[in-house]
Amino acid sequence: MTPTNYQRIWDIVAQIPYGRVATYGQIARLAGLGQRARLVGYALHHSPIEIELAWHRVINAHGKLSFPQRSKRYRRQQLTLEAEGIVFNNGRVDLDRYRWRPTTEEFPDEYFEHE
DNA sequence: CATATGACCTATG
DNA sequence: TCATAGGCCATAT
């Protein structure tokens, strides 16, 4: 894992619009990292505080937050997302409704293969 | 060098 | 809708 890949991940995450979410796997693909979704988690975990990344907009493929439900981080992430207008139902976000759908312009073609 | 451990994902039943 | 299994791979120990 090179710093370059971390940087790529941070760049993508920074592009998630206000009020939308993306999954770890989605970010991995947008960054050209294939299915290596775990790397996105590492990149966020190690992101320097000074770039103030909107990491709260990254959730898992089930539409849930990847923290223990009682943890401070879980609550903070949920509150921040709700403050952006995102609604939780039984601890889950409706991905069909809130998922960020980037256009083909600036991302690798593989990302759009399934369409 | 060898295991273990994750802010994960998909397929399957 | 859940639960499990197998895959994933950089860090940590």
Side-chain angles (χ1 to χ4, degrees):
Chain A
M1 190 53 172
T2 67
T4 307
N5 286 339
Y6 278 156
Q7 190 62 59
R8 271 220 284 255
I9 289 167
W10 297 331
D11 287 344
I12 305 290
V13 171
Q15 295 179 58
I16 308 171
Y18 182 98
R20 316 233 63 169
V21 297
T23 68
Y24 296 93
Q26 183 182 358
I27 298 298
R29 288 178 39 160
L30 287 169
L33 298 173
Q35 299 303 305
R36 291 180 285 174
R38 304 199 92 124
L39 301 192
V40 175
Y42 288 122
L44 296 188
H45 184 76
H46 295 114
S47 65
I49 184 72
E50 58 268 21
I51 66 180
E52 293 184 22
L53 208 58
W55 57 267
H56 59 273
R57 294 180 191 143
V58 184
I59 65 180
N60 67 36
H62 304 301
K64 298 192 204 164
L65 312 187
S66 296
F67 292 113
Q69 199 149 8
R70 285 163 198 71
S71 67
K72 198 165 187 176
R73 283 161 136 186
Y74 183 101
R75 285 191 289 269
R76 178 181 167 195
Q77 185 173 16
Q78 176 168 6
L79 288 174
T80 311
L81 289 175
E82 286 175 337
E84 298 191 358
I86 291 174
V87 177
F88 283 72
N89 294 316
N90 297 337
R92 205 172 305 138
V93 168
D94 184 351
L95 285 174
D96 289 336
R97 180 171 172 186
Y98 294 109
R99 185 201 289 274
W100 173 41
R101 292 183 169 78
T103 49
T104 60
E105 307 289 310
E106 57 264 270
F107 295 106
D109 291 342
E110 316 98 70
Y111 177 74
F112 303 96
E113 274 175 358
H114 58 93
E115 298 178 9

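Every chain is numbered from 1, with letters handed out A, B, ... down the list of sequences. Remember, it's a predicted structure, so these values are computed and weren't measured experimentally. When reading the values below, keep in mind they use all heavy atoms of this one structure, side chains included, and skip hydrogens, waters and symmetry mates.
- Enclosure of atom CZ in A:R70 is not indicated, since only 12 or fewer non-hydrogen atoms of other residues, nucleotides or ligands lie within 6.0 angstrom.
- Every residue was checked against the side chain to side chain donor-acceptor pair (under 3.5 Å) condition with A:T23, not counting sequence neighbours, and none meets it.
- Put simply, the side chain of A:R20 never gets that close to the backbone of A:P17: no donor and acceptor are under 3.5 Å apart.
- Position along DNA chain C of the nearest nucleotide to A:R92 versus A:H46 favours A:R92 as the more 5'-ward residue.
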Which letter, B, S or -, goes with each nucleotide of nucleotides 7-13 of chain B from 5' to 3', with contact meaning a protein heavy atom under 4.0 Å? BBSB---
Please, what dot-bracket string fits DNA chain B when only Watson-Crick and G-U pairs with both distances under 3.5 Å count, crossing ones use [ ] and pairs to another strand use |? .|||||.||||||
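- The side chain to side chain donor-acceptor pair (under 3.5 Å) test applied to A:Q77 returns no partner, not counting sequence neighbours.
- Between the side chains of A:R92 and A:N89, no donor-acceptor pair is found at a separation under 3.5 Å.
- Rounded to whole Å, atom P of C:dA10 lies 13 Å from atom CZ of A:R8.
- C:dG6 sits 22 Å from B:dA7 when the P atoms are compared, rounded to a whole Å.
- In this structure, CG in A:L30 is found 8.5 Å from CD1 in A:I16, a value given to the nearest 0.5 Å.
- Scored by the side chain to side chain donor-acceptor pair (under 3.5 Å) test, A:D11 finds A:Q7 as partners (sequence neighbours excluded).
- A:Q35 meets the side chain to side chain donor-acceptor pair (under 3.5 Å) test with no other residue; sequence neighbours excluded.
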